[in-house]
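The structure under discussion appears below in the form of structure tokens.
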Amino acid sequence: MAEGYAALPNERVSAANGVEYAYRDTGTSTGAGAGAAPLVLFQHFRGNLDSWDPALIDALATGRRVVTFDNAGVGGSGGTTPDTIEQMARDAIAFLSAMDIGQADLVGFSIGSFVAQQVALVRPAIVRRLVLASSAPKGAAGMHGWAAEVIGAVGTPHTTPEAYLSVFFAPSASSLQAGKEALGRIYARTDDRDEATTWATREAQYDAVCTWGIPEHALLERLSALGMPVFVANGDSDPMILPRYSYLLAGLIPDARLKIYPDSAHGFLFQHHAEFAADVAAFLA
């Protein structure tokens with residue numbers, strides 16, 4: 001019988017912006033984490049509540065409250081998916097307010113890391129500490145859309161497990177095996193799964209990604225305004241958001257630390273879920 005994240009109910013909360021958000025809420029802040037800010041996770045391109053690896057969430061939720069959510073228009077949430085990171089950030093702030101979360105630690109993954117950066121810039125008081133996984137800064141050269149083989153794998157109307165593995169995991173036998181195990185965990189839940197994301201969400205999110213990636217060197221200076229501690233992480237073979245952008249982020253953010261995980265790609269945090277969760281816990285402490 002499923003337990004932990006895989007067994008959590010899909011809950012809903014109505015926000016002041018008129019959107020009813022779908023979310024899952026797990027873990028309790030105990031021991032050294034007692035009184036700690038909740039950890040709120042921002043999902044990847046086309047992902048929903050079920051797209052998180054339950055092994056990662058359960059590891060993160062050891063002694064800490066963890067909240068996952070579908071942003072506006074995504075999966076089981078109401079509203080429309082916006083086509084800018086800026087509006088996605090405003091929608092995320094509305095969710096946090098509806099949950100009565102006055103301050104949180106954020107983990108942003110892929111497009112979710114763009115949204116988390118924007119939240120930290122426009123509402124810095126909300127963000128105690130920030131984790132950016134598989135991320136890039138706004139305006140960085142070479143980020144205007146993804147490589148043809150990447151968008152061809154994860155941007156089609158019907159993606160396949162093989163296509164997912166080709167982007168989220170490295171081509172080595174060990175990484176691909178870890179990817180198959182992660183997919184098994186992600187799809188183990190059969191009851192009360194979240195609603196699949198729509199093609200309209202895919203289109204809006206990719207517009208937002210391309211807009212974020214329009215080269216504009218001056219925008220890199222925005223990162224100097226991030227005053228909270230930041231942990232930047234990626235896999236060493238990520239074809240979607242290249243590891244060099246993690247080095248760029250870490251160099252531009254005043255209080256940043258960086259880790260690149262070996263033999264892994266975009267989904268390094270699923271492959272190395274125990275190590276990444278331990279690193280996040282140490283950083284948040």
query = Should I214 and L223 be counted in the same cluster of Ile, Leu, Val, Met, Phe, Trp and Tyr side chains packed under 4.5 Å apart?
reply = no
ask   = Can you tell me how far CG of D238 sits from CZ of F169, rounded to the nearest 0.5 angstrom?
value = 11.5 Å
ask   = Any side-chain heavy-atom pair from R123 and V127 closer than 4.5 angstrom?
value = no
inquiry  = Counting only heavy atoms not in D192 (residues, nucleotides, ligands), do more than 12 fall under 6.0 Å from its CG?
reply    = yes
query = Just checking, any donor-acceptor pair under 3.5 angstrom between side chains of T81 and Q205?
reply = no
inquiry  = Checking the side chain of R193 only, and the main-chain atoms of R189 only, is there a donor and an acceptor separated by less than 3.5 Å?
reply    = yes
request  = Spell out, as yes or no, whether a donor-acceptor pair under 3.5 Å connects the side chain of Y5 to the backbone of L56.
outcome  = no
ask   = Under 3.5 Å, side chain of N71 to main-chain N/O of M88, donor-acceptor pair present?
value = yes
request  = Evaluate the criterion salt bridge (Lys or Arg N to Asp or Glu O under 4.0 Å) for residue pair E216 and R222; output intermediate values, then yes/no.
outcome  = CA-CA 11 Å; E216 188 172 346; R222 299 179 350 133; over 6 Å; no
key: Main-chain N/O of G155 paired to R202 side chain as donor or acceptor, under 3.5 Å   = yes
inquiry  = Side chains of M99 and E11, heavy atoms from C-beta outward: is any pair under 4.5 Å?
reply    = no
key: Spacing of CG belonging to D207 relative to CH2 belonging to W212, to within rounding of 0.5 Å   = 15.5 Å
task = Would you please test R24 and D194 for salt bridge (Lys or Arg N to Asp or Glu O under 4.0 Å) and show each step?
result = CA-CA 10 Å; R24 293 179 190 161; D194 192 13; 5.7 Å; no
ask   = What are the two closest non-hydrogen atoms of A233 and S246, and how far apart are they?
value = O-OG, 4.1 Å
inquiry  = Test your reading of the model: is there a side-chain donor-acceptor pair from T62 to the backbone of A59, 3.5 Å cut-off?
reply    = yes
ask   = Looking only at heavy atoms, what is the nearest atom pair of V230 and L132, with distance?
value = CG1-CD1, 3.9 Å
key: Close side-chain approach of V154 and H266, heavy atoms under 4.5 Å   = no
key: Main-chain N/O of A182 paired with D53 side-chain donor or acceptor, under 3.5 Å   = no
task = Answer yes or no: is there a side-chain heavy-atom contact under 4.5 Å between R185 and H273?
result = yes
ask   = Can you tell me how far CG of D263 sits from NE2 of H272, rounded to the nearest 0.5 angstrom?
value = 6.5 Å
inquiry  = Contact between W146 and V167 at the side-chain level, heavy atoms closer than 4.5 Å - yes or no?
reply    = no
ask   = Which heavy atom in T201 sits nearest to a heavy atom in G73, and how many Å separate them?
value = OG1-O, 3.0 Å
ask   = Counting only N and O atoms by type, is there a donor-acceptor contact under 3.5 Å from the side chain of S77 to the main-chain atoms of A22?
value = yes
query = So do the side chains of T84 and T211 get within less than 4.5 Å of each other, counting heavy atoms only?
reply = no
request  = Using a 4.5 Å cut-off on heavy atoms from C-beta on, say whether the side chain of M240 contacts that of S134.
outcome  = no
query = Out of F42, F268, F270, which one pairs with F109 under the ring-ring contact (aromatic ring centres under 6.0 Å, His included) rule?
reply = F270
note = Between Q271 and P262 the two heavy atoms that sit nearest each other are NE2-O, 4.4 Å
Reported CD-to-NZ distance for the pair E162 and K180, which is rounded to 0.5 angstrom = 8.5 Å
key: Minimal non-hydrogen separation, G75 against T197, with atom names   = N-CG2, 3.9 Å
query = Side-chain heavy atoms under 4.5 angstrom apart, residues restricted to Ile, Leu, Val, Met, Phe, Trp, Tyr: same cluster for V74 and I186?
reply = no
query = Can you list the steps and then say if I85 with I111 is a side-chain contact (heavy atoms from CB on, under 4.5 Å)?
reply = CA-CA 8 Å; I85 300 299; I111 189 176; 3.8 Å; yes
note = Between A15 and Y21 the two heavy atoms that sit nearest each other are CB-CE1, 3.5 Å
ask   = Can you tell me how far the CG atom of N234 sits from the CG atom of L269, to the nearest 0.5 Å?
value = 9.5 Å
inquiry  = Whether the side chain of D105 engages the backbone of R129 through a donor-acceptor N/O pair (distance < 3.5 Å, no angle test) should be reported.
reply    = yes
query = Do the side chains of V13 and F69 get nearer than 4.5 Å, heavy atoms only?
reply = no
ask   = Rounded to the nearest 0.5 Å, how far does CG of L96 lie from CD of Q103?
value = 11.0 Å
request  = Report whether L219 and I253 are members of the same hydrophobic cluster (ILVMFWY, side-chain heavy atoms less than 4.5 Å apart, transitive linking).
outcome  = no
task = Among T26, L60, V40, D25, find the one that has a side-chain contact (heavy atoms from CB on, under 4.5 Å) with R65.
result = D25
ask   = With distance as the sole test, does S224 use its side chain to make a donor-acceptor pair with the main-chain N or O of E221 at under 3.5 Å?
value = yes
ask   = Where do K259 and D279 land on the side-chain contact (heavy atoms from CB on, under 4.5 Å) test, with the steps shown first?
value = CA-CA 9 Å; K259 183 169 181 177; D279 291 339; 2.8 Å; yes
request  = Is it possible for you to check whether R257 lies under 6.0 Å from the centre of the six-membered ring of F283, through NZ or CZ, and within 45° of that ring's axis?
outcome  = no
